[in-house]
Structure formats: structure tokens, C-alpha cells
Amino acid sequence: MAAFNLTLSDPSTFILTGIPGLEAAHIWISIPFSIFYFIALLGNFMVLFVVGKEETLHKPMYLLLCMLALTDITISNSVIPKALCIFWFNLRGITVVDGCLTQMFFFQAISIMHSGILVTMAFDRYVAICNPLRYATILTNARIAKLGLVGLIRAVLFMLPPPLLLSRQPFCANRIIPHTYCDHMAVAKMSCGDITVNRMYGLVLAFLVIGSDLTFIALSYGQIIKALLRISSKKAHQKAFSTCTAHLFVILMSYPPGLFSILTHRFSQGIAPHIHIIIANLYFVTPPMLNPIVYGVYTKELRDKVGKYICRM
């Protein structure tokens, strides 16, 4: 308790409370989170290892899977270790600049990059189904790498302003953040200054990025559906369905929790804080845990290669 009071008096430190109202259950809550986190790391590192070792998987689709795995690993590591430190050891202090604002930048930038990768994957499926004869010339490994770099630059440019704006804000004496990580709006509400710019920037950016990305994904799948309607072969329909199912599952797992968290902070007063924070945290472990499993189930080539390495153990 003395250490906690000392941290409260330190102007360079925030206090993350964990999950408000459920502090007594932190140890029990940590069990599923730690299991999900471990499975997420194991699954995504397995994807990276198998694709890296198998030359037959050095294709655009699997390069995109590796990018997705890297973003899943990074986004989990940016939030979950600190949350587990709060749950297990009651280590709630986090420095404002080196800890809090850095964490905020990383998980928000990686979220934007993750969304960009999903758009590229939708385009990959569109070319594979609607223009298969030109697939190898349109989507090369080098072009996918360049698209990944563009996505990284976009993420950095879009997500650098929020922490920079907050770093210039005066913060009140109450530096307790009712959360497990440094969410943008949760930190902004600690400020004694005007946060209108922060509030509007976050909201406009969220709808601009997510809205445009979802529009591109919808357009890609609209073209895919149109192409399938012109094909009478059931086998072709099944093959197209199997190649798109995994991607659609990943989209459904990725966007709703993120949108829920963004909108809840700004508009909803009726949702209990612990519900909001639990769902927000699940966003950082559930998609990273399930993505490699989903792609392993629906992608036969990857499933066979992973099975080969597991049998060797």
C-alpha cells in the first residue's frame, strides 16, 4: 500500500486499476487470459515457423498470414503482459511517456496495420477468384511486402498524433485510470485541459480508417459473389467458399470488439465498466488466439505442413 501511495504522488506515473469492481477476482480472471495469451503466442509463432521453413508456402497468401501473425503477436504483447502483472502482482504503476503513451501508440498503430492486412487479404481473394490467370503477375511476394510497408507507414502516420497530443496535456492530481491498459480516451479523461481535439480525432479516425477498410473489403467480396454467380460448377463454389471462409471469420472476430470499445468510451453510459474492459481486453487475445486455428482448419496446405512438424516432435 505504501508503494501504491508513493506512486500516486509521482507526477510521472499513472495507476491502472485493472477491472473496476472485480479486483477480488483478478486472479481468477487471469487464468483464461493467460491461457488465451499462451495459445495465441504458440499458434502465431507456429505459423511463422512453418511458413518460414517450407519453401512451398512462400506465396503471397502465406506471406499475408505471416504479417497477420506478426501483428497478432505484437498487439497481444503490447497489452496482455501488463494486464497479467496487475492481476498477479498488483503492479499497477506505469510511467506516463515511456510506458503509457508508448503502449497506446503501439497497440493502436498495430490495430490499424492489422485492418490494412485484412483489406489486402480481401484483395488477394478477389484476384484469386475473379482473375486467377493473372494472380501470379498481379500479386507477387515483392508487391505484398510493399503493401505491408504502406500499411505500416499509414498506421504510424495516423496513430502518432494521439499520444503526441496527450503528452502536451496537463493532467489532474487524480492519475488513476480504471482500466488494464492505456486506452486513448481513458487517459484523455485524466486531463484537466480541453480534450475536444483528442475526442474528435479518435472518433473521426476510427470511422475513416475502419469505414474505408470495411468498404474495400465489402467491394472485394461483392465482386467475388458476382463472379461466383456466373459459375455453375458446384466444385468451384466450394473451393471459393473454403478460401474465403477463414478470412471472413477473422474479419468478424476483429472489427466488432474494436468498434464496441471505441463507441462505448464516447457514447454509452449504460454499460457497466467491467463489461466494457473485459470485452476490450478480449480483443487483444481472442482474435490472435483464434486466427492461426481458423486458418489452420480452413487452409489444407498449411494444416498439412503444421501436422508434419507436430508429428516430428
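Counting begins at 1 with the first residue of the sequence. For the numbers below, each heavy atom of this structure counts, side chains included, while hydrogens, waters and symmetry mates do not.
His247 and Tyr221 share a donor-acceptor pair across their side chains, judged by distance under 3.5 Å alone. Between the side chains of Asn131 and Tyr126, no donor-acceptor pair is found at a separation under 3.5 Å. The closest side-chain donor-acceptor pair between Asp124 and Tyr135 falls under 3.5 angstrom. Under 3.5 Å, the side chains of Arg92 and Asn90 contain a donor-acceptor pair of N or O atoms. For the residue pair Tyr255 and Ser115, a side-chain donor N or O sits within less than 3.5 Å of a side-chain acceptor on the partner.
Annotation: the span from Leu63 atom CG to Ile117 atom CD1 amounts to 9.5 Å, rounded to 0.5 Å. To the nearest 0.5 Å, atoms CZ (Arg175) and CD1 (Ile177) are separated by 9.5 Å. Note that OG of Ser30 is 9.0 Å distant from CD1 of Ile35, once rounded to the nearest 0.5 Å. Residue Met104 holds its CE atom at 7.5 Å from CG of Asp183, rounded to the nearest 0.5 Å. In this structure, CG in Leu65 is found 9.5 Å from CG in Leu57, a value given to the nearest 0.5 Å. Between the OG atom of Ser76 and the CG atom of Leu41 there is a distance of 6.5 Å, given to the nearest 0.5 Å.
A salt bridge links Arg154 to Asp213: one of the charged nitrogens lies within less than 4.0 Å of a carboxylate oxygen.
A continuous path of ILVMFWY side-chain contacts below 4.5 Å connects Ile27 to Phe87, so both sit in one hydrophobic cluster. Hydrophobic clustering, with ILVMFWY side chains joined whenever heavy atoms are under 4.5 angstrom apart, groups Val47 together with Ile310. When hydrophobic clusters are built by joining Ile, Leu, Val, Met, Phe, Trp and Tyr residues whose side-chain heavy atoms come closer than 4.5 Å, directly or via intermediates, Leu160 is grouped together with Phe158. One hydrophobic cluster, built from ILVMFWY side chains closer than 4.5 Å, holds both Tyr201 and Val156. Connection of Leu157 to Val150 is not established within any shared hydrophobic cluster, with ILVMFWY side chains joined at heavy-atom distances below 4.5 Å, either directly or through further cluster members.
Counting only heavy atoms from C-beta outward, the side chains of His26 and Ile19 approach each other to under 4.5 Å. Contact of the Trp88 side chain with the Ser34 side chain is registered, since non-hydrogen atoms from C-beta on lie closer than 4.5 Å. Contact check for Gln223 versus Leu219: no side-chain heavy atoms found under the 4.5 Å cut-off. Taking the side chain as every heavy atom from C-beta outward, Ile195 and Met185 approach each other to under 4.5 Å. The side-chain heavy atoms of Ile278 and Leu22, taken from C-beta on, include a pair separated by under 4.5 Å. At least one side-chain heavy atom of Arg125 sits under 4.5 Å from a side-chain heavy atom of Met61. Using a 4.5 Å cut-off on side-chain heavy atoms (C-beta onward), Val119 and Phe123 make no contact. Counting only heavy atoms from C-beta outward, the side chains of Ile75 and Pro287 never approach each other to under 4.5 Å.
Remark: the backbone N or O of Met113 is not paired with any side-chain donor or acceptor of Thr71 at under 3.5 angstrom. Although no hydrogens or angles enter the test, the distance criterion places a donor-acceptor pair under 3.5 Å between the side chain of Ser212 and the main chain of Val209. Here the side chain of Thr140 pairs no donor or acceptor atom with the backbone of Ala136 at under 3.5 angstrom. Judged by distance alone, with hydrogens and angles left aside, the side-chain atoms of His179 form no donor-acceptor pair with the main-chain N or O of Ile277 at under 3.5 Å. The backbone N or O of Asn141 lies less than 3.5 Å from no partner atom in the side chain of Lys146, so there is not a single donor-acceptor pair.
For the pair Ile73 and Asn44, the tightest heavy-atom approach, listed with the atom from each and the gap, is CG1-CB, 3.6 Å. Across every non-hydrogen atom of Asn198 and Pro162, the tightest pair is ND2-O, 4.1 Å. When all heavy atoms of His184 and Leu166 are compared, the pair lying nearest together is CD2-CD1, 3.5 Å. The minimum heavy-atom distance linking Ser191 with Cys172 is given by the pair C-SG, 3.7 Å. Of all heavy-atom pairs spanning His114 and Ser254, the tightest one is CE1-OG, 3.2 Å. In terms of heavy atoms, Ile176 sits closest to Met190 at O-SD, 3.3 Å.
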Practice task
Start with the C-alpha distance between Leu68 and Tyr295, add both sets of side-chain angles, then the distance that settles side-chain contact (heavy atoms from CB on, under 4.5 Å), and finish with yes or no.
Solution key: CA-CA 11 Å; Leu68 193 69; Tyr295 274 103; 4.0 Å; yes

Handout entry: Residue pair Ile94, Cys182: steps toward the side-chain contact (heavy atoms from CB on, under 4.5 Å) verdict
Key = CA-CA 9 Å; Ile94 185 169; Cys182 290; 4.0 Å; yes

Practice task
Output, in order, the C-alpha distance, side-chain angles, deciding distance and verdict of salt bridge (Lys or Arg N to Asp or Glu O under 4.0 Å) for Lys59 and Glu54.
Solution key: CA-CA 10 Å; Lys59 303 173 184 177; Glu54 293 290 331; over 6 Å; no

Exercise for the section: Could you check Thr13 against Val96 for side-chain contact (heavy atoms from CB on, under 4.5 Å), going step by step and ending with a plain yes or no? Expected result: CA-CA 5 Å; Thr13 303; Val96 175; 5.7 Å; no

Exercise for the section: Check the pair Lys300 / Asp304 against salt bridge (Lys or Arg N to Asp or Glu O under 4.0 Å), numbers first and verdict last. Expected result: CA-CA 6 Å; Lys300 184 179 184 301; Asp304 292 343; 2.8 Å; yes

Practice task
Go through the steps to decide whether Gln103 and Tyr181 satisfy the test side-chain contact (heavy atoms from CB on, under 4.5 Å), and finish with yes or no.
Solution key: CA-CA 8 Å; Gln103 182 195 55; Tyr181 62 88; 3.6 Å; yes

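More than 12 heavy atoms of other residues, nucleotides or ligands sit less than 6.0 Å from atom NZ of Lys308.
For Phe284 and Phe107, the ring centers are positioned less than 6.0 Å apart. Phe49 and Tyr309 have their aromatic ring centers within a separation under 6.0 angstrom.
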